[in-house]
Protein chains: 2
Amino acid sequence: MATFFSKRNLQFLLHEVFEAEKLAQYPYFSAHDRETFNMALDSATYIAENLMHPHLKAVDKDQPELKDGRVKAHPAIKPYLKAMGESGLIGAGFSFEQGGQQLPELISSSVGFILMAANNGMMYTGLTSGAAHLITSFGTAALQEQYVPNLLSGVWQGTMALTEPQAGSSLSDVTTSATPVDAEAGVYKIRGQKVFISAGDHDATDNIIHLMLARIDGAPKGTKGISLFVVPKYRPTESGKFVDNDVTSTGIYHKMGQHGVPAMHLTMGERDDCTGYLVGQPHHGLSYMFQMMNEARIGVGMTAAAIATAAYHAALQYAKERPQSRRLNEKNLLDAPQTPIINHPDVRRMLLFQKAVTEGSLSILLETARLFDLSSVAEGDDKETYTLLMEILTPVAKTFPSEMGVQSVSQSMQTFGGYGYTEDFPVEQLYRDIRITPIYEGTTGIQAQDLLGRKMTMKGGKAAKLLFAEIGKTIAEAGTHDDLKPYAEQMAAELKQIQEVMAVLMPHAMAGDIERYLADATLFLELFGTVCVAWQWLKQATVAKQALLTHNPEGDELAFYEGKLHTMKFYFHYEVPKTLGLARRLKDPEVLTIVTP
Amino acid sequence: MATFFSKRNLQFLLHEVFEAEKLAQYPYFSAHDRETFNMALDSATYIAENLMHPHLKAVDKDQPELKDGRVKAHPAIKPYLKAMGESGLIGAGFSFEQGGQQLPELISSSVGFILMAANNGMMYTGLTSGAAHLITSFGTAALQEQYVPNLLSGVWQGTMALTEPQAGSSLSDVTTSATPVDAEAGVYKIRGQKVFISAGDHDATDNIIHLMLARIDGAPKGTKGISLFVVPKYRPTESGKFVDNDVTSTGIYHKMGQHGVPAMHLTMGERDDCTGYLVGQPHHGLSYMFQMMNEARIGVGMTAAAIATAAYHAALQYAKERPQSRRLNEKNLLDAPQTPIINHPDVRRMLLFQKAVTEGSLSILLETARLFDLSSVAEGDDKETYTLLMEILTPVAKTFPSEMGVQSVSQSMQTFGGYGYTEDFPVEQLYRDIRITPIYEGTTGIQAQDLLGRKMTMKGGKAAKLLFAEIGKTIAEAGTHDDLKPYAEQMAAELKQIQEVMAVLMPHAMAGDIERYLADATLFLELFGTVCVAWQWLKQATVAKQALLTHNPEGDELAFYEGKLHTMKFYFHYEVPKTLGLARRLKDPEVLTIVTP
C-alpha cells in the first residue's frame, strides 16, 4: 500500500545485508527477533500510512502561526503523537526499565525512516526521544521520574535548545545564563534567548520540555563552561500542580519547508521567573549533547534519505505512466504512440541516479546505526572497534543523504518536467523540505571538519584503518564473483586514492596549520562519502548476487535482485568517477580560500 | 545603490571584455554608442530599483489567484509595465521602424539581467517582446499594425502558447486545432487547450495576445503540420471594438516559485467562438518558433544568472557582517571576538563558487548575445561563422546558468546557515524561483540533445571547429602572460579532452544508433558547458591582467581586477577538475540506461 518507500528494499537491507537478527545474540537485545523487529516496522507503517501521509499537503499548507503568545499545531499532530505514544514507538530505543522497547537503533532509525518518508512535516517525536534520552543518560532519578514517562507516552513534547542568535555553528559562544537558586538541588534561574527551536512551542501536548544549554554564572569561557538544563514550559510545584515557567515564544520562523514543525524563537526569564534543572554535572553540558550527537545526526540523515525516497518513488511512478515523444531511434514513426518517459535514456539515467542515491543513503545509514548498536552492546576490543567505525561513518551518514538527497529530489522534479514545479505533485514540497538537512545538527562544513579534523586522525588514524579493513572484506567477497570483480578492483583503487589524498594533506596537520589542512574539508567529505556509498553498493550487490545464485528467484524477486546489481553498476560508472576531480583538487597545492591576516 | 547585481562587473563585461561599442560599426547599430547603451542600462536600473526590487517579497507572498474566471495581477505589475513601455525598454531590441530602440541583443539582454536580478517574479515583458517579435518577423503588415504598438507600449501583454497537456517536450504532438473560416485572409477557428502559459491571463493590461501553435485541419502529422496564430483574449471587430474571443482561463498553476507570474491553463473555443489569425505560412509554425528560440533561451539563461547573482550578493553581504567562531589556527583564543564568516576558508570557497558561477554565466550569456547580434548584422562568410558560433553556444548559455545557478543559490543559502532557510532573507525565495530555469524553454535534457545531436554535427562539425578556433585565440593571448600560461595550457588540454570524447561517441552516430549516441548527452553538455565557461574566465582574466599592467589601478579598481584573476584561478582549480569524471563516464563503453525492446 505504501507508495512512499519500498518495504522490500528495507527488508533486504535489514535482514539480508545487515542481518539484524544477529543483534539478538547480545543479551541486551535478546528479547527480540525478526518478528519483533518487523512488528515495530509494521506499527510505524500503519501510523505512516494512516495518520501521516494523508496530511502531507495539509501540514505544509496550514503552517503553525504564533498568535497571542501561543502556537496552534495542525490538528493532525495530536492523534499522531497519541498513536506514537501508545504504540511505544517514541520509546523504541529506550530500555525496558525506562519504559521503552529496548530495540536496536538499526530498527528505531528504520522506524524514523518510514515515518519521515510518509510526512517529514510531522517531525515531532524524534525530538522528544532525543530530549528524553539526555535525561535518562545523565539526569537524576528524580528528573527521570518527573519527565521521562510523559515524554515517551507523547503527552509532553521534548526539544533540543542549543542555538542562540550569536551562537549557531559556534556553540562555545552560548550566553544563556543560569543563576544558582539551590545549587545542591540543581535548581537555577535561566535567562536568555534561543532560536530555531523545532517544536519549541505548540498546543498538541500539555507541556514542552526543553533540554537547554546555558552557562552557570562564573563558569569558564568556551566549551568547558556550558551546562545542560531541563527547562519546562510549565514547571511542577511541590503541590504537584504546574505553573507557567516564564518561557516566552517571542517569534516563529517562517521556513521554506518543513512547514508543519514550528521553529521558535524563545525568551527565558522575561519576568525573572524561569527555572532550569541541572542535568548531570555543571560545565559538562556540551559533552553530554555531543554524546547524543551521533544519534541525532543519523536521525537527520534518515530524514533526508526518507524525503528523497518519497520523491524518487513519486518520480518513478510518473515516469512509468507519462507518455511523451518516441524513442530516439524511431523518431520518424509519427504514427507510433508516444512512449512512457522511463524508456528515454536521459530519464532512466535520472531515475537510476535517484535509486542509487536513496538506496545507497539508506544503506550507509543502517550500517552506521548497526555499528552504533554494536558499540553499545559489545565489550572490550570489539567495543572500541565498533565505536571507532561508527564515529568515522557518522559525518558521512549525516551528509551524503542530505547533500546528495537535495540533488536527488531535484532530479525527481526534473523527471516531472513543468508539472514537478507545481503543487499538483508532492515533489515541489519535498524539494523545499529536504533543503534544511545539510544545515540541521551541524552544517555540511561542520561535518567535514569533524571527519577530517577529528575522525581521520583520532587514535593515530585507527578509525580509518578499521574502516578500510571492513571495506577490504567486502572487496574480497565481491571479488569471488567474476562479474563483480572489476567493481571490487575499482573499490580498492578508490581506497588507494583516498590514502594518496591523506598523504598530501597530513603534513599540514603535522605542521599545525589546521586552517590549511581543513580548507577543503568539505570536498574531502564529498570524496569520502562517495566512496563509502560505493562500498555499500558493492556490499548490496554481493548479497544480491548470492541470492540470485542460491535461490533462483523469479518474477518480482528476480527483478529486485537484478535491479540491485544494475544500480551498483550505475553508481560505479556514473557517480564514482566524480572522485577523480575531487582528488585532483584535494592534492592541488594552490591555496585560494585562506585569507592572509 | 543596487545591491542585487554589480554594475562594475556588467560594465567590465560589456565594454572591456566584449567591446560593445564595436557593434556600432555596423550600419544597423550606427545610431548607438557607449552612451546610448548605458542610457538603456540606467533606465533599467532605475525601474529595477524603484518599481521592482521593493516588491520582491510582495509578489511572492500575494500570488495571483483565478477568481470568477479572471486573474488579478499584483498591483505592482501595472506601474512596472507602464514604465517599461514608456522607457522604450519592451521594444529595446526592435528596429526604429517597428517602434523600437534598435539596440543590440547584447544590451537588451543586459537590461533583462538587471530587471530579473531585481525581481524575477515580475517576468512579464520578456514574454511580450517575444510575442511581438514573432509578429514583426513573420506576420503581415496588417497584423503588425494591429498588435505590435500596443505590445511594445506595455498596454497589452504577449505570451508564447506552445505547451499542451500531452505535448510538453514533444511539441510535435500539439493537437490544438485551427479550422479555416477565411483561409485567404488567414482567419481560423481555434479549439484546444494550452497549459503553463506564463502571464496567460491577468488584469494589468487591456488585452492578452497569445502567439499560439495549432494544427490546421488536415495538416500533415508531426512537426511539419503545425502553424502559428495570433489568438487575442479580446479580438478586434470591423467597427474597431473588441469582443471576447472565447479564451477561457480554466485553471491556474500554483508553483514553487516565480509566484508573481501566473501560469495559466487556457481553453480555446468552449463556445466555438475563438478566432486565430495565421502568422506567416501554414505548417511553418514550429520553424518560426524555433527561429525565436535562441533569444528565448538566452532570456531564460539570463533570468537564471540574474537570480543567482542576486542571491550571491545577499550571501556576500551577510558573510562580511555575520561574526561566528574564530579562525581555525586561533581556535583556542577564547577571548578573541568572533570573526566574520567570510574569513573561514569553507565559507570563502562557497562565495568564490558563487562568484565564479554567476559572473561566468553572465559572461557566456553576453558572448552568445553578441554573436547573436553579429549573426544578424554581418554578411557573407562572417554571417555564417557568427551564426554557427551562436547556435553552438545557445544550449550552453541556457543550461550552464540554470543548472549551475541552482547550485549557486543553494550555496548562497548554505552561507546563511539556518537563517537562509527562513523568509527573513531573500535567498529562500530565490532558491525556489531559480529551480524552474532548467525546465523552461526546453529542459536540460532537450538542450543536451540539441547540442550533441544537432549543433556538434551540423555542417560536418563546423560550429565546433569555429568555436575551438575562437577559444584558441583566447589561449594564445592568455599565454603571453607568464602567470596565465598554465591556465591557457589547461584550457588547451580541456579542448583535447572534448575531442577525445567526441571520437568515442561519433561512431555511434555514424552507425545510426542515435539513442546510444545521445544516451549521456546531458553529461556531455555539462562537460562542454564547464569548458566554455572556463574559456570565459580565461578571457576575463586576460583582460583584467592587461588592465592591471596598463592602468595601474588602485583601491576598489585594483581589488576588482585582482578579484577577476583570483576567481579565474578558483574556477580552474575547483570547477574544471570536474571534467575528469565526466570525460571518464562519456568514454566508458558500459551501457546502463538503454532499454532493450
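In what follows, every chain begins at residue 1, and chains take the letters A, B, ... in the order their sequences are listed.
- Both the backbone and the side chain of A/T444 have a heavy atom closer than 4.5 Å to some heavy atom of chain B.
- Only the side chain of A/V406 comes within contact range of chain B, with heavy atoms under 4.5 Å apart.
- Of the listed residues (A/R322, A/Q414, A/R584), the greatest number of heavy-atom pairs within a distance under 4.5 Å of chain B belongs to A/Q414.
- Both the backbone and the side chain of A/Y419 come within contact range of chain B, with heavy atoms under 4.5 Å apart.
- In this structure, a donor-acceptor pair under 3.5 Å is present between the side chains of B/Y440 and B/Q258.
- For A/F353, there are no ring pair (Phe, Tyr, Trp, His ring centres under 6.0 Å) partners two or more places apart in sequence or in a different chain.
- Heavy-atom distances place the side chain of A/D588, and not its backbone, under 4.5 Å from chain B.
- Salt bridge status for B/D346 with B/R349: present, with a side-chain N to carboxylate O gap under 4.0 Å.
- Of the two parts of A/D513, the backbone and the side chain both hold a non-hydrogen atom closer than 4.5 Å to a non-hydrogen atom of chain B.
- Note on B/L171, B/T443, B/T522: by heavy-atom pairs under 4.5 Å with chain A, the leading option is B/T522.
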Test side chain to side chain donor-acceptor pair (under 3.5 Å) applied to A/H566 and A/Y571, step by step: CA-CA 9 Å; A/H566 195 79; A/Y571 191 86; over 6 Å; no
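- No part of A/P589 comes within reach of chain B, as not one of its non-hydrogen atoms sits under 4.5 angstrom from that chain.
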Could you walk me through whether A/E590 and A/L592 pass the side chain to side chain contact (heavy atoms under 4.5 Å, CB included) test, one step at a time? CA-CA 6 Å; A/E590 183 82 18; A/L592 293 163; 3.8 Å; yes
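- Put simply, of A/N343, A/I341, A/I594, A/T223, the one with the most heavy-atom pairs under 4.5 Å next to chain B is A/N343.
- Residues B/Y574 and A/D520 bring a donor and an acceptor atom of their side chains to less than 3.5 Å of each other.
- Residue pairs meeting the salt bridge (charged side-chain N to carboxylate O under 4.0 Å, His left out) criterion with at least one member in residues 436-451 of chain A, sequence neighbours excluded, are A/D450-A/R454, A/D450-A/K455.
- Comparing B/M413, B/H344, B/K578 by heavy-atom pairs within less than 4.5 Å of chain A, the highest count is held by B/M413.
- Side chain to side chain, A/T175 and A/Q166 meet the donor-acceptor criterion of an N or O pair below 3.5 Å.
- Only the side chain of A/L518 comes within contact range of chain B, with heavy atoms under 4.5 Å apart.
- The parts of A/S410 that come within reach of chain B are both its backbone and its side chain, each placing non-hydrogen atoms under 4.5 angstrom from that chain.
- Electrostatic pairing of B/R326 and A/D173 counts as a salt bridge here, judged by a charged N lying under 4.0 Å from a carboxylate O.
- Contact of A/L523 with chain B is made through the side chain alone, with heavy-atom distances under 4.5 Å.
- With a 4.5 Å cut-off on non-hydrogen atoms, A/V347 does not touch chain B at all.
- Interface remark: B/P220 contributes no atoms to any contact with chain A (heavy atom separation under 4.5 Å).
- Note: B/T579 OG1 to B/E494 CD = 3.5 Å, rounded to the nearest 0.5 Å.
- Looking at A/Y421, both its backbone and its side chain come within 4.5 Å of chain B, counting heavy atoms on both sides.
- Contact annotation for A/Q429: neither backbone nor side-chain heavy atoms come within less than 4.5 Å of a heavy atom of chain B.
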